[in-house]
Colleague: 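Take this structure, written in structure tokens, and hold onto it; I'll ask about it next.
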There are 2 protein chains.
Amino acid sequence: MKRTSLAGDSCPVARALDVFGDWWSLLIIRDASLGRRRFGEFQASLGLAKNILATRLRTLLERGILKTVPASDGSAYQEYVLTPKGHGIFPILVALRQWTEEFDEHPDEIATIMVDRDRGKPVKKLALLSQDGRVLGAGDTTLKPRPARKPARRASA
Amino acid sequence: MKRTSLAGDSCPVARALDVFGDWWSLLIIRDASLGRRRFGEFQASLGLAKNILATRLRTLLERGILKTVPASDGSAYQEYVLTPKGHGIFPILVALRQWTEEFDEHPDEIATIMVDRDRGKPVKKLALLSQDGRVLGAGDTTLKPRPARKPARRASA
DNA sequence: GCATACGGTTTAATATTGCAACCACACAAG
DNA sequence: CTTGTGTGGTTGCAATATTAAACCGTATGC
């Protein structure tokens with residue numbers, strides 16, 4: 001009767017949600033990608049209960065999204081920073097942001113826009129491209145069964 | 001003490017999560033984008049309790065992600081289909097999929113790959129571009145305060 | 001019509017969330 | 001080294017959400 005796990009699911013969307021698809025994890029990851037590192041920073045920024053923050057940080061560590069590093073200010077405390085696997089979540093944050101920018105009923109309540117650091121200009125919308133460079137919408141794609149792993153090009157067993 | 005709402009948050013990521021950031025909604029949306037339309041189809045595909053499915057469908061309707069249409073087979077039942085606002089979630093599903101493809105520990109358990117319908121070739125990774133066409137990573141972006149709404153270019157009030 | 005499938009609602013058990021109090025350790029001051 | 005405070009949690013309890021399973025009205029199918 002516990003919350004059903006999606007870990008063994010064959011759908012990659014479900015598998016991702018199993019890792020960080022709960023109510024708080026993505027916001028913690030967002031904060032981490034904004035440079036927040038300390039327990040107290042997350043707690044103050046998100047306003048969630050400390051016990052929940054503690055368990056979320058623990059599972060994000062277990063799952064390789066975050067890692068702990070000795071505190072940057074020389075104190076004996078530790079800090080939480082994104083691993084490469086955690087940084088890989090960035091496009092998902094961008095996609096969420098752009099969805100709100102496009103479809104939210106009250107876009108005036110959005111505080112920030114994402115710009116490229118060099119020019120300060122807004123970024124473009126994420127684009128899904130085919131291998132020959134066409135822009136694809138939802139209707140232009142299908143799912144195919146994943147081909148078996150390529151068998152190392154020797155004798156085909 | 002109820003689950004804290006993110007609806008009024010100024011962060012666009014949080015606002016999106018408030019709409020479909022719970023455990024099941026994105027999977028319902030995924031199913032809908034795969035062409036599933038009927039209550040029973042969702043329930044069989046996802047294996048979630050029917051009461052939960054009912055409440056999720058209801059809130060997704062309220063929030064303009066889904067709409068009901070008369071059943072396509074002529075029966076008196078209704079079907080659930082994505083609105084344009086719901087179709088807009090597609091890039092988020094793609095981003096989640098691609099994250100799993102890149103970082104999952106057991107990529108062999110992923111059943112499908114996304115291909116472009118015309119050529120049948122795998123799609124490329126979502127790319128974030130600057131206005132002058134450079135590919136941007138997480139470190140190449142910043143957030144700026146959203147500029148005030150442009151005041152209709154007449155007398156500036 | 002009569003049985004069955006569909007699309008839910010209701011009920012009760014269990015799990016998760018949220019809040020607040022508590023606690024241990026680090027660090028700073030005296 | 002002793003006291004005081006901030007940080008980073010843990011613990012316990014109340015409220016809420018999830019789950020499974022029973023139930024039910026309306027459509028279909030025969």
Side-chain angles (χ1 to χ4, degrees), chain A residues 1-9 14 17-29 31-32 35-63 66-81, chain B residues 1-9 14 17-29 31-32 35-63 66-81:
Chain A
M1 208 164 195
K2 68 176 79 159
R3 169 132 114 225
T4 61
S5 165
L6 304 166
D9 201 290
L17 292 178
D18 187 73
V19 177
F20 52 79
D22 68 274
W23 199 247
W24 289 112
S25 292
L26 258 176
L27 294 173
I28 294 170
I29 293 162
D31 271 18
R36 294 193 181 107
R37 318 174 121 230
R38 297 286 283 254
F39 187 97
E41 282 185 291
F42 293 116
Q43 211 255 322
S45 157
L46 298 171
L48 83 175
K50 296 201 290 181
N51 54 351
I52 301 201
L53 177 57
T55 64
R56 289 299 182 277
L57 290 172
R58 202 157 32 225
T59 69
L60 290 173
L61 289 171
E62 280 169 14
R63 294 170 176 194
L66 294 174
K67 65 185 173 193
T68 50
V69 298
S72 49
D73 61 357
S75 77
Y77 295 114
Q78 59 182 355
E79 297 181 345
Y80 299 90
V81 300
Chain B
M1 209 165 192
K2 68 176 80 164
R3 169 133 111 216
T4 61
S5 164
L6 305 165
D9 202 291
L17 292 177
D18 187 73
V19 177
F20 53 78
D22 68 275
W23 199 247
W24 290 111
S25 292
L26 257 177
L27 293 173
I28 293 169
I29 293 162
D31 271 19
R36 293 191 182 109
R37 319 173 119 230
R38 297 284 285 256
F39 188 97
E41 282 185 291
F42 292 117
Q43 210 255 321
S45 157
L46 298 170
L48 84 175
K50 295 201 290 181
N51 54 352
I52 301 202
L53 176 56
T55 64
R56 289 298 183 278
L57 289 173
R58 203 159 28 227
T59 68
L60 289 172
L61 289 171
E62 280 169 14
R63 293 169 177 194
L66 295 174
K67 66 185 171 194
T68 51
V69 298
S72 49
D73 61 358
S75 76
Y77 294 116
Q78 58 181 356
E79 297 182 343
Y80 299 90
V81 300

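Each chain gets a letter, A, B and so on, in the order the sequences are listed, and its residues count up from 1.
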Colleague: Determine: side-chain N/O of A:Ser75 to OP1/OP2 of D:dT7, distance under 4.0 Å, yes or no.
Modeller: no

Colleague: When you measure from the side chain of A:Glu41 to the backbone N and O of A:Arg37, does any donor-acceptor pair fall under 3.5 Å?
Modeller: yes

Colleague: Does A:Thr55 or B:Thr55 map to a spot on DNA chain D nearer the 5' end, using the closest nucleotide for each?
Modeller: A:Thr55

Colleague: Measure from CZ on A:Phe39 to C1' on C:dA24 and round the result to the nearest Å.
Modeller: 14 Å

Colleague: Nearest whole Å is fine: how far is C:dG18 P from A:Gln43 CD?
Modeller: 12 Å

Colleague: Would you say C:dG7 has OP1 or OP2 under 4.0 Å from some side-chain N or O of B:Arg38?
Modeller: yes

Colleague: Just checking A:Ala76: base, sugar-phosphate only, or nothing, at a heavy-atom cut-off of under 4.0 Å?
Modeller: sugar-phosphate

Colleague: Base, sugar-phosphate alone, or nothing: which one does B:Tyr80 contact when heavy atoms must sit under 4.0 Å apart?
Modeller: sugar-phosphate

Colleague: Could you tell me how far apart A:Arg56 (CZ) and C:dG18 (P) are, to the nearest whole angstrom?
Modeller: 8 Å

Colleague: Looking at B:Trp24, I'd like to know whether one of its side-chain N or O atoms comes within less than 4.0 Å of OP1 or OP2 on D:dT18.
Modeller: no

Colleague: Please give, in whole Å, the distance from D:dA20 P to B:Leu46 CG?
Modeller: 13 Å

Colleague: Give the C-alpha distance, both sets of side-chain angles, the deciding distance and a yes or no for salt bridge (charged side-chain N to carboxylate O under 4.0 Å, His left out) between B:Arg3 and B:Asp22.
Modeller: CA-CA 11 Å; B:Arg3 169 133 111 216; B:Asp22 68 275; 5.5 Å; no

Colleague: Do you know which two heavy atoms are closest between B:Leu66 and B:Tyr80, and how far apart they sit?
Modeller: CD1-CB, 4.4 Å

Colleague: Nearest heavy-atom pair of A:Tyr77 and A:Arg38: which atoms, and what distance?
Modeller: CD1-NH2, 3.3 Å

Colleague: Could you state the NZ-C1' distance from B:Lys50 to D:dA21, rounded to the nearest angstrom?
Modeller: 10 Å

Colleague: Looking at A:Arg3, I'd like to know whether one of its side-chain N or O atoms comes within less than 4.0 Å of OP1 or OP2 on C:dT14.
Modeller: no

Colleague: Nearest to the side chain of A:Ala54 - C:dG18, D:dT18, D:dT10?
Modeller: D:dT10

Colleague: Can a side chain N or O of A:Arg58 be found less than 4.0 Å away from OP1 or OP2 on D:dT10?
Modeller: yes

Colleague: Search all heavy atoms of A:Arg56 against all heavy atoms of A:Ser25 and return the closest pair with its distance.
Modeller: CD-OG, 3.6 Å

Colleague: Atom CD of A:Gln43 and atom CD1 of A:Ile52: how far apart are they, to the nearest 0.5 Å?
Modeller: 10.5 Å

Colleague: Tell me: CG of A:Asp73 to C1' of D:dG8, nearest whole Å?
Modeller: 14 Å

Colleague: Can you tell which of C:dT16, C:dC19, D:dA20 lies closest to the side chain of A:Lys2?
Modeller: C:dT16

Colleague: With the side chain of A:Asn51 defined as its heavy atoms from C-beta on, choose the nearest nucleotide among D:dG12, C:dG8, C:dA5.
Modeller: D:dG12

Colleague: So, is A:Thr4 near the phosphate of D:dT18, with a side-chain N or O under 4.0 Å from OP1 or OP2?
Modeller: no

Colleague: From CG of B:Leu6 over to C1' of C:dT17, roughly how many Å is that when rounded to an integer?
Modeller: 14 Å

Colleague: Nearest-nucleotide wise, let me know which of B:Gln78 and A:Asp22 is further upstream toward the 5' end of DNA chain C.
Modeller: B:Gln78

Colleague: Rounded to whole angstrom units, what separation is found between the CZ atom of B:Arg36 and the C1' atom of C:dC6?
Modeller: 18 Å

